[in-house]
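Residue numbers run from 1 in the order of the sequence given. Owing to the predicted nature of the structure, the values given are computational and were not obtained by experimental measurement.
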Amino acid sequence: IHAWKAYKDYAWGHDELKPISKSFGEWFGLGLTLIDSLDTMWILDLKEEFEEAKDWVEKELSFNKNTDVNLFETTIRVLGGLLSTYHLTGNGLFLEKAVNLGTRLMPAFKTPSKIPFSDVNIGKGTAHPPRWTSDSTMAEVTSIQLEFRELSRLTQEPQYQEVVNEVMKLVHQLSGKQDGLVPMFINTNSGQFTHKGPLLNLLSSSLIISHPRLPDCTPLFVSPCSSRCSQDHLVCFLPGTLALGFHNGLPDDHMDLAVKLMETCHQMYQQMETGLSPEIVHFNLQASDGRDIFVKVWLIADIGILLPETVESLFYMYRFTKDTKYRDWGWDILQSFNNYTKGFWSPRI
């Protein structure tokens with residue numbers, strides 16, 4: 001409620017709130033924060049807030065604009081947000097908006113290989129790769145299937161599902177995988193992997209995970225490294241994914257890995273002075289070198305950007321194990337956010 005009131009006062013209808021300057025920022029100009037918050041407000045029974053936001057969606061949200069959007073981010077945040085709100089409320093307004101947006105995203109898939117471009121102009125109906133490459137990110141093109149398949153299921157129009165199924169069909173057929181790992185990038189012209197680095201394929205039974213013990217704390221991390229290595233906060237979705245796999249019949253060692261990785265992600269918060277994790281931590285493997293985890297504060301990538309992966313994994317770990325430490329760890333993170341962000345300023349209440 002605190003955060004929503006600030007957004008309403010200073011950034012209503014815009015993508016992001018800038019809390020210190022009490023202004024707003026735009027990424028795509030689609031009201032990202034508002035749409036992201038719809039299902040949360042419905043679940044929390046914030047009826048007044050939800051109705052105000054619904055009114056904005058009905059009267060103000062338009063996709064008929066000359067603007068480039070990122071296919072992946074727009075799919076998971078806007079299309080996904082609208083679909084989830086439709087499922088919770090049954091209100092056809094949200095499905096209508098989702099169909100409009102999904103249709104406008106389809107030009108991204110008009111490539112020689114059927115691997116989608118990263119960016120699409122939802123007003124002009126054109127799409128293109130980033131300025132610096134003709135590649136798309138593997139994680140992005142293989143993470144949009146849920147929303148597009150659901151759009152086909154709800155509308156009984158197969159084209160949305162067909163384009164994302166083509167992506168998966170191609171990726172599964174490609175050679176060049178190494179022990180279940182695929183590269184990070186794929187070329188939109190050739191449809192071939194671009195070998196610029198490995199990406200974990202979590203459905204593979206031959207998961208490659210290095211697990212040297214650090215001096216005093218973190219027992220496991222995902223990274224090939226020697227004397228020094230790093231881990232992105234994004235990796236902390238993995239404990240929850242492994243736990244879900246174990247819950248649905250995968251071997252016991254998946255849960256063992258989940259427990260160890262969850263401890264590592266916890267330490268990424270615990271060992272910071274604020275109790276908040278940066279975007280990237282660096283692991284120190286030299287026992288005589290002082291602290292186990294450190295941050296390169298001069299790198300912009302090593303700031304915290306409010307990512308949800310660790311907290312989501314904690315949610316799954318608590319549900320599956322009933323071990324209250326995971327709930328306690330999540331509570332600690334919330335308290336740290338309150339202590340170091342909420343206290344900066346107060347919205348007009």
TODO: Run the numbers on Phe237 and Tyr316 for ring-ring contact (aromatic ring centres under 6.0 Å, His included), then give the verdict.
DONE: CA-CA 10 Å; Phe237 82 96; Tyr316 287 121; over 10 Å; no
- [ ] Determine, step by step, whether Thr85 and Asp39 satisfy the side chain to side chain donor-acceptor pair (under 3.5 Å) criterion, reporting the C-alpha distance in whole Å, the side-chain angles of both residues, the deciding distance to 0.1 Å, and the verdict.
- [x] CA-CA 5 Å; Thr85 307; Asp39 53 0; 5.3 Å; no
Open item on the list: For Lys260, is there an ion pair with Glu263 - N to carboxylate O distance below 4.0 angstrom?
Closed with: no
- [ ] Kindly say whether Leu32 contributes a backbone atom to a donor-acceptor pair with the side chain of Asp15 at under 3.5 angstrom?
- [x] yes
Open item on the list: Using only atom types and a distance under 3.5 Å, with no angle test, would you say the side chain of Lys65 pairs donor to acceptor with the backbone of Gly29?
Closed with: yes
TODO: Determine whether the side chains of Asp68 and His128 contain a donor N or O and an acceptor N or O closer than 3.5 Å.
DONE: yes
Open item on the list: Before you tell me yes or no, could you show the steps for Thr194 and Asp135 under side chain to side chain donor-acceptor pair (under 3.5 Å), namely the whole-Å CA-CA distance, both residues' side-chain angles and the distance that decides it to 0.1 Å?
Closed with: CA-CA 8 Å; Thr194 305; Asp135 295 342; 3.2 Å; yes
TODO: Can you see which heavy atom on Val141 is nearest to which on Gln145, and at what distance?
DONE: O-NE2, 3.1 Å
- [ ] Taking the side chain as every heavy atom from C-beta outward, state whether Gln231 and Cys265 have any atom pair closer than 4.5 Å.
- [x] yes
Open item on the list: Can you tell whether the side chains of Glu52 and Lys8 come within less than 4.0 Å, N to carboxylate O?
Closed with: yes
- [ ] Say whether, by atom type as modelled, one donor and one acceptor occur between the side chain of Thr188 and the main chain of Phe117 under 3.5 angstrom.
- [x] no
TODO: For side chain to side chain donor-acceptor pair (under 3.5 Å), just list the numbers for Thr155 and Tyr160, CA-CA rounded to whole Å, side-chain angles, deciding distance to a tenth of an Å, and then say yes or no.
DONE: CA-CA 10 Å; Thr155 63; Tyr160 308 110; 5.5 Å; no
Open item on the list: Does either side chain, that of His233 or that of Tyr269, offer a donor lying less than 3.5 Å from an acceptor on the other one?
Closed with: yes
- [ ] Name the orientation class of the two ring planes belonging to Phe50 and Phe94 (parallel below 30°, tilted from 30 to 60°, perpendicular beyond 60°).
- [x] tilted
Task: Side-chain donor-acceptor pair present, Ser134, Asn187, cut-off under 3.5 Å - done: yes
- [ ] Count the heavy atoms belonging to other residues, nucleotides or ligands that lie under 6.0 Å from CD of Glu312, then report whether that count exceeds 12.
- [x] no
TODO: Answer yes or no: does atom CD1 of Ile1 have more than 12 heavy-atom neighbours from other residues, nucleotides or ligands under 6.0 Å?
DONE: no
Open item on the list: Please check this pair: side chain of Ser152 against backbone of Glu157, looking for a donor-acceptor N/O pair closer than 3.5 Å.
Closed with: yes
- [ ] Flag the pair Asp55 and Lys59 as a salt bridge only when some basic side-chain nitrogen lies within less than 4.0 angstrom of an acidic carboxylate oxygen.
- [x] yes
Open item on the list: If we check side chain to side chain donor-acceptor pair (under 3.5 Å) with Asn100, which of these qualifies: Lys97, Glu96, Arg104?
Closed with: Arg104
TODO: Quick one: do His14 and Phe24 satisfy ring-ring contact (aromatic ring centres under 6.0 Å, His included)? Show the steps, please.
DONE: CA-CA 7 Å; His14 298 285; Phe24 59 84; 3.4 Å; yes
- [ ] Check whether any side-chain N or O of Thr111 sits under 3.5 Å from a backbone N or O of Lys114 as a donor-acceptor pair, and report yes or no.
- [x] yes
